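This report concerns only the one structure given below.
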Amino acid sequence: MDRKVRVRFAPSPTGGLHIGGVRTALYNYLIAKKYNGTMILRIEDTDQTRYVEGAEEYIREALEWIGITLDESPWHGGEYAPYRQSERKAIYKKYVEQLIKEGHAYYAFDTEEEWDKKRKELEAAGVVSPQYNSITRMQMKNSLTLSEEEVKAKLTSGEPYVVRLKVPRKEDIRVQDMIRGWVVFHSSLLDDKVLLKSDGMPTYHLANVVDDYLMEISHVIRGEEWLPSAPIHILLYKYFGWEQEMPQFAHLPLILNPDGNGKLSKRYADQLGFPVFPLQWKNPEKNETMAGYREEGYLPEAMVNFLVLLGWNAGTEQEIFSIQELTNLFSIERIGKSGTKFDINKAKWFNQQYLKGKSNEELTQLFIIDLNKKGIALSQDKAEKIVSILKERVTFVKDFMTEGHYLFHAPTIFDEQVASKKWNQQVVDVLLAYKNIIQSLDKELDAHTAKELLNQITDQLSIKFGSIMQGVRLAITGGGAGADLMEIIAFLGEKEVSERIDYAITHLKVV
RNA sequence: GCACCGUUCGUCUAGGGGUUAGGACGCAUCCCUUUCACGGAUGAAACACGGGUUCGAUUCCCGUACGGUGUACCA
């Protein structure tokens, strides 16, 4: 790559940024970093009817959370500013006029009703998908069919119009895609796309090409849903005379619903209970709140790792990658061609891996932050102990609380299955003796001591240690499974343990 | 409908004219363990189908099927 690498992520501020968009941003970012290039964020807000308040801020926060830093953006500025298409309106106007003058675009004055009528006529005549194209445009009201005077008159009278691209009738348009190779489209299947809307705003096609050119974008890395409109873009580059500056294209495989039934959708994800948004998204218009990965407890580095592998692989057996490693290893050549079904289990696994990779100190900090959010206060010391007891068994930070509920609250209900099998007079005898012994203890009740004392009792009573363990666990935690019981006892301390023993003995019936 | 893209275990994927088709998630079994988890070991599990080309095809070509995307004054 001899050209300076400049890539852009260009979302529309129409709502929360979809997780697929986050992956696209990530791929762009990795390419920028790999080649020491520039990562640009451009806001494509040309559809004013779909603009959603707060969406821009959301995009910014989401990228920040995931760890994507921007070199140029509406918020950081840059020498190619402005980076918001709505603020570049005048620029497009100029270029569209060039196209018209050179005969590659034309004014169209048809109203929606007129085109609708024409479409119905065509349908009635057996045309399957009527298009405003090289044939039909000659039957419509536009600067190709109207006289120069008529056009001028309409323009000066302020009659609304759009500008359409004059797509050639018969021409092969070849798109070179870095992932798919050459893809050929025939121009007869393309319609005369609107370039400039009647409100004076450009459509995606125009704005995109003009901006990519002006911003000297070297690679356009975007979702596969854009592949069908790539020939329109190619045509525009050609008509503008920018073929030499045309970026290289890479159309990414789509992220699909878990059963492969369409693009990953919010509705589907809701049904299966996982988010499609990186951050929680509160739609200001509909007053609804959508779940986000951050709030669900996913670590950003785990999400990066999970997302990058949705459509790319290093070709080795490595699967845990730091962002630095990805920066070196990532390559467009190793991006796959086929759609990728979303598997939330894999995301969970990555999260667990990253959680385990953190030091106890880091985890303690995260744990305390999580507790604070829930309005629970806990000493640093206790939090750290809980972390060390539970570290190997959690997938999310929030699991420290749920998995370790027995460290926070004494059980009030007991697992009936365990009780019916493991609760007996022997256990009660042991517990009573144990309570006595720990209450009169003159040293600290650590895990080692807790076990030693319990062993003493079982030895004295000639009981097998294993036979009463589940019963003891039941009394102290309310259940039959969990972390190392001796660690739990040490954590709770003799007073709490004694109270739990009393409670269990009075509330559980010996059978 | 039409155009385009795609198709290796359930999922993410490696591979590529001759392989015991490899790994990971998930699943199962076993080991470790006071239990559960972690960890370790093992196992079940895939080249969509049909034609070519070839000594040989999962790999190359063609077709079919299936899936996806697009077909807006949305991006």
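Everything numeric in this text was worked out from a predicted model, so none of it was measured. Naming convention: chains lettered A, B, ... in sequence-line order (proteins, then strands); numbering from 1 in each chain.
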Not counting sequence neighbours, which residues clear side-chain hydrogen bond (donor to acceptor under 3.5 Å, both in side chains) with A:Arg334? List them please.
A:Asn313
Contacts of A:Asp110 meeting side-chain hydrogen bond (donor to acceptor under 3.5 Å, both in side chains) (sequence neighbours excluded), chain-then-number -> A:Tyr132
Starting from P on B:G22, measure out to CG on A:Asn313 and report it in whole angstrom.
17 Å
A:Ile335 side, atom CD1; A:Trp312 side, atom CH2 - distance, nearest 0.5 Å:
9.5 Å
What does B:A14 pair with, Watson-Crick or G-U, if both distances are under 3.5 Å?
none
Picking from B:G1, B:C4, B:G68, the nucleotide nearest the side-chain atoms of A:Phe185 would be B:C4
Give, for atom OG of A:Ser338 and atom CG of A:Leu254, the distance between the pair rounded to the nearest 0.5 Å.
11.5 Å
Identify the pairs formed between an N or O of the protein and an N or O of nucleotides 40-49 of chain B at a distance under 3.5 Å, and give each distance.
none

Please give the nucleotide sitting opposite B:A37 as a Watson-Crick or G-U wobble pair, both distances under 3.5 Å, or none.
none
Nearest to the side chain of A:Gln353, which nucleotide is it out of B:G39, B:A14, B:A24?
B:G39
Between A:Glu301 and A:Asn305: side-chain donor-acceptor atoms closer than 3.5 Å:
no
Report the residues that fulfil side-chain hydrogen bond (donor to acceptor under 3.5 Å, both in side chains) with A:Asp45, sequence neighbours left out, ordered by chain and then residue number.
A:Ser86
If a protein heavy atom is under 4.0 Å from the base, mark B; if only from the sugar-phosphate, S; if neither, -; do that for nucleotides 5-12 of chain B going 5' to 3'.
SSS---SB
Partner of B:U42 by Watson-Crick or G-U wobble geometry, both contacts under 3.5 Å, or none?
B:A28
Mark up nucleotides 70-75 of chain B, 5' to 3', with B wherever a protein heavy atom is under 4.0 angstrom from a base atom, S wherever such an atom reaches only the sugar-phosphate, and - elsewhere.
SS-BBB
Is it true that A:Glu123 and A:Lys120 have a side-chain N and a carboxylate O under 4.0 angstrom from each other?
no
Counting only Watson-Crick pairs (N1-N3 plus N6-O4 or O6-N4) and G-U wobbles (N1-O2, O6-N3), all under 3.5 Å, who is the partner of B:G70?
B:C2
Whole Å only: how far is the CZ atom of A:Phe350 from the P atom of B:G26?
11 Å
Return the nearest nucleotide to the side chain of A:Asn345; candidates are B:C38, B:U35, B:C25.
B:C25
By the Watson-Crick or G-U definition, both distances under 3.5 Å, B:A65 is matched with B:U7
